[in-house]
Structures are given as structure tokens and as C-alpha cells.
Amino acid sequence: MKKTLIMSLLVGASVFAADYSGVIQKPNASKLIEKDLLAPAKTFTMPAGCVTTNPESIARGAFIFHNLNGKKAKKNPPKGLSKKTADGKNKQYGNCIACHNIEGARGAGNIGPDLTGYKATFIDSGVRDNKFVFQKIADPRIDNKDTHMTVNLTTKLFTPAEICDITSYIVSPK
Amino acid sequence: MKTGIKIALSVALLSTLSFGGEQFAMSDSDRAMYAEMLENNPADIMVANGEELLAEYCGGDEGIAAFLNQSEDSLPAYLAGFPRYLPEFKQVVGIDQVLQGLMSKNGHKPFKLKSSDMFDMSAYVKSLANGEKSNIDVNANPQMKEAYALGKKTYMTERGGRGLSCNSCHSDAVIGSVLRTQPLPDLSAKGVAVAATWPAYRMTKSSLRTLQRRFQGCMKNALLKVIPIGSPEMVALEVYLTSEAKGAEIAVPGLKR
């Protein structure tokens, strides 16, 4: 091969350097993440009549505590709770037993404290009150900014009434 | 080329195996099945499919070596350093994206990143690095530095319906505790082999899956919006966790619960 030809081939190679940036998939995720971000920690006021001994409220709280979502739940939810959201989607529950043991739990985790005997140990003793439990479930970061617990009301996963149901269940005698 | 395919145990799986009792996710029959699979990883057949696809679309081992400017001898160690910044791609890329580039160069329509053919082919290519130590260099260039930082940020970002981040369940503070029957694996301790053992066969999904596909599983379970494979944040998460596993011996396909 002539020197000049080699030269021009080399030059050609660098001018037309391969560019694969247009042929690979590189979808955008930053918008998805942006819309999905957790809002700053928020303090909530417990609604009037929130914590109750009403068995229906306690039953809903228990169901939310022990189940992951409507699709996975084996039993039907108690009165006032659905397996679907208003717009027909799979309703998410608390899946609290993923991290907490409690009376009657099956396959409980131990990332969070054991909530067995909560009324006697924490409420009757005066160490905690209903307001604390409500806020802990609604947004645990107020009490512990480095918590590993889920945020349940700031994220709008639940309504205040549902947080009341869960609180009622935890502080109820079992 | 090394042909022997090593079997990798995930930390989670090991700890699951070593505990008995109802609290944990594996029953005795699961354990027996797992022992059987250790002898004979069901993913071997998928990796073999990947080898055929590589021959058909990418010119086989020689093809990928030439594409990456490597000799067949230097290829394994080079593959053990992915994800990498490659100027021809103008970004940090995973092995799957490299394969898209090579397929396109060879006149083929690239497999989708989330297709099982792509999972198989990238698993085969990564298995060429079996026995090598993971040698990713996150200080190699500004792009890699940026990817590492983005990966760490993505890992720490709390989001979704329950306000969780990857770190909520995979930080030092909770490793080893049990989340609904599953011991939480340590993903980020130095020398831990998690990133070096993917792609892997997932027994609970009966399929071969990549690391980025695994991330999507955790996102879905924990109610984080699932982000697409190949997005800068996904590649960055892979960079971050691969860097945490730097020095670990690559053993693909892994075998996971």
C-alpha cells in the first residue's frame, strides 16, 4: 500500500471515529425519580376521636398491619377497607410485620422493635401515648431522623383515618 | 477461554440456608432443591444460549474482543472492569449496552436491554471474566467519578409510597436483620461478592436476571417507582455496587433465592 493511502486511511479512521451513542438504549429516569421523591418530614395533628376501642377500626388496623397489599392478602379485608383503591388499583397495606413482631404475627421481621404487649409496656406505663404512636406511623422521622421505618402519611399512602385505625390496633389490648 | 462456570452463593442465600425454622423463607424442600441446583445451575443452559447468540450476532469471543480493542488473553480482565466509560459511546456503559453497539455495527437490530436474549448474552460475556477479580476503576476519568457519585446518590434517595431508599434496607445498621422472613443482605461491604455474582439465576423467578433487573425487583417490592434498565441512574447504581464489590472474584451465573 502507498504511504499516502495509509495516511488517508488513518486520518479517515479518526475523522469518522465510531460513534455508538445513538444506537444504544439510554432511557431517561431522572424525571421518574424527581416525581417520586420523599417530601420533608412533617408533624401531624391527631384528628379528634382518632384512637378508639371500636372493634371495626381495630380490625382494619390489624389487617393493614399484617398484610402487604390487596393482591397478596389471602383473607377478605374487614368492613370499611377494600382490596382496591378508588381508581381500581391494587391497594397497598402497611406490611408492618415485615419489620415488627406483634401478637399473632406470622413470619415477622425484626428490623423494628417487637410491638407485642405494646399497651402494657408502653402506654399503660406512660412511656408512650397515642399521639406518639400516630406520629410514628404517619412520619417516623419527626422522632428519629435516621429511622429505617416506612413513612406512611406524608407519602399519602394512607389517609389520616387509616393511620387512626392502625394506631387503635397497636394500643388495643390483645 | 474458561469453560467451567462457577456457582456463586449470595450472602442472603447463605444466611437463609444456615438458619432453620419457620421464621425464614426457605423450607427444607427449598433447601434440598437449592442443594440440587448448586450441582447444576439451571442458568447454565441460558448462558449457553448467550454463547450461541454472541456467535451469531457479534462474531463470538473474537468479535467482542476486537470490538473492545482487546486480545482474547486480555479480554477477561478487561471485562472484569465494567461498567466503563467508552469514548465511542460517549458515556459510561454496561456490557449489555456494549453488545447493543456491536450488534448495530454488525448490521443487526440490537436486542432490547430488558429482553431475555440480552440477559443471556450479557451473562455469557461476563462469564468470560470468571475467576478474575472485579477491577472497576471509579477514578479512571471524570465520567466514572460522576457515575459513582450518581450511583451513590440514587442509592441513598428516599422515594416512593413508603419513603424508602436502597439504604433503608441495605445499610450497615440493618444488615442481617430479618425483613418478613428474609435476612437483609450486605450489598456494600468491601469485598462482598454481590455485584460479582450477577447475572444470576433466581429460583423464585425461575429465570436468569441481570443486576439492573434485580434492582428493579427491589424497587417494585418497596414501592419505589421502577426506573428503566440502561438509564444513567441504573448504570450508575451498577457502578456504585460493583465498586463496593471491587476485588471480589467474578462467578457468573450466580444462584439466588
Side-chain angles (χ1 to χ4, degrees), chain A residues 17-42 66-69 72 85 89-101 105-112 138-141 146-158, chain B residues 22-25 67 86-91 93-94 96-105 109-110 112-114 150 154 157-165 167-169 171 173-174 177-184 219 221-236:
Chain A
D19 178 359
Y20 300 108
S21 61
V23 304
I24 60 169
Q25 283 178 285
K26 43 182 174 180
N28 183 296
S30 51
K31 288 197 189 98
L32 287 172
I33 292 176
E34 199 61 42
K35 274 196 274 177
D36 201 34
L37 291 179
L38 176 62
K42 197 170 159 188
H66 289 269
N67 286 284
L68 173 61
N69 60 41
K72 285 274 162 77
T85 61
K89 289 200 193 113
N90 182 22
K91 164 101 178 143
Q92 297 297 332
Y93 303 131
N95 198 25
C96 314
I97 69 144
C99 298
H100 295 283
N101 193 24
R106 298 187 61 185
N110 64 6
I111 298 166
D139 194 329
R141 293 172 295 171
D146 299 319
T147 188
H148 288 270
M149 171 152 160
T150 52
V151 179
N152 295 288
L153 191 52
T154 312
T155 52
K156 301 197 175 74
L157 190 65
F158 298 109
Chain B
E22 253 184 82
Q23 191 188 7
F24 293 95
F67 187 63
L86 295 181
E88 300 88 336
F89 289 81
K90 302 202 170 99
Q91 65 170 72
V93 283
D96 50 357
Q97 287 163 316
V98 168
L99 290 168
Q100 285 195 320
L102 178 50
M103 287 183 82
S104 165
K105 180 182 180 229
K109 185 162 176 275
K112 293 266 181 269
L113 293 180
K114 63 175 187 194
L150 178 63
T154 309
T157 301
E158 292 167 328
R159 56 190 183 92
R162 302 192 201 273
L164 295 171
S165 72
N167 195 53
S168 304
C169 296
S171 77
V174 295
S177 27
V178 176
L179 180 85
R180 174 87 82 148
T181 74
Q182 275 151 52
L184 291 171
M219 290 175 195
N221 286 343
L223 295 192
L224 282 67
K225 177 107 18 248
V226 175
I227 61 173
I229 293 175
S231 59
E233 287 80 358
M234 272 296 204
V235 178

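Numbered from 1 within each chain, the chains take letters A, B, ... in sequence-line order. Here the structure is a predicted model, which is why all the values come from computation and not from measurement.
- One distance of note links OG1 of Thr181(B) with CZ of Arg106(A); it measures 12.0 Å at 0.5 Å rounding.
- Looking at Ser165(B), there are no atoms closer than 4.5 Å to chain A (heavy atoms on both sides), in backbone or side chain.
- Proximity to chain B is absent for every atom of Thr154(A), based on heavy atoms less than 4.5 angstrom apart.
- A 4.5 Å side-chain heavy-atom check between Leu32(A) and Glu233(B) finds every atom pair outside the cut-off.
- Taking 4.5 Å as the limit, every side-chain heavy atom of Lys225(B) sits out of range of all side-chain heavy atoms of Lys35(A).
- Of the possible donor and acceptor atoms, none in the side chain of Gln25(A) sits under 3.5 Å from a partner among the backbone N and O of Lys112(B).
- Heavy atoms of Asp96(B) lying under 4.5 Å from chain A are absent altogether.
- Counting heavy-atom pairs closer than 4.5 Å to chain B, the top residue among Asn95(A), Ile111(A), Ile97(A) is Ile111(A).
- Between the CD1 atom in Ile33(A) and the CG atom in Leu224(B) there is a gap of 9.0 Å [rounded to 0.5 Å].
- For a residue to count as touching a neighbouring chain, one of its non-hydrogen atoms must lie under 4.5 Å from one of that chain's; by this rule Leu102(B) does not touch chain A.
- Once rounded to the nearest 0.5 Å, the distance linking CG of Asp36(A) with OG1 of Thr157(B) reads 10.0 Å.
- Counting heavy-atom pairs under 4.5 Å between each of Ala173(B), Ser231(B), Ala222(B), Pro232(B) and chain A puts Ser231(B) at the top.
- Between the CD1 atom of Ile227(B) and the CG atom of Asn28(A) there is a distance of 10.0 Å, given to the nearest 0.5 Å.
- In this structure, chain A has no heavy atom under 4.5 Å from any part of Val235(B).
- Interface residue Leu113(B): backbone and side-chain heavy atoms are both found under 4.5 Å from chain A.
- Taking the side chain as every heavy atom from C-beta outward, Val23(A) and Gln100(B) never approach each other to under 4.5 Å.
- Residues Leu157(A) and Leu223(B) have side chains in contact (heavy-atom distance under 4.5 Å, counting atoms from C-beta outward).
- Counting heavy-atom pairs closer than 4.5 Å to chain B, the top-ranked of the candidates Met149(A), His148(A), His100(A) is His148(A).
- Remark: the backbone N or O of Leu38(A) is not paired with any side-chain donor or acceptor of Glu158(B) at under 3.5 angstrom.
- For Gln91(B), the part lying under 4.5 angstrom from a heavy atom of chain A is the side chain only.
- The side-chain heavy atoms of Leu179(B) and Cys99(A), taken from C-beta on, include a pair separated by under 4.5 Å.
- Asn110(A) places no side-chain N or O within donor-acceptor distance of the main-chain N or O of Ser177(B), the cut-off being under 3.5 Å.
- Ranked by heavy-atom pairs under 4.5 Å with chain B, the first of Gly94(A), Ala39(A), Gly22(A) is Gly94(A).
- Ala29(A) and Pro228(B) make their closest contact through CB-CD, 4.1 Å (heavy atoms, listed as atom of the first residue, atom of the second, distance).
- Atom CG of Asn152(A) and atom CZ of Arg162(B) lie 7.0 Å apart (nearest 0.5 Å).
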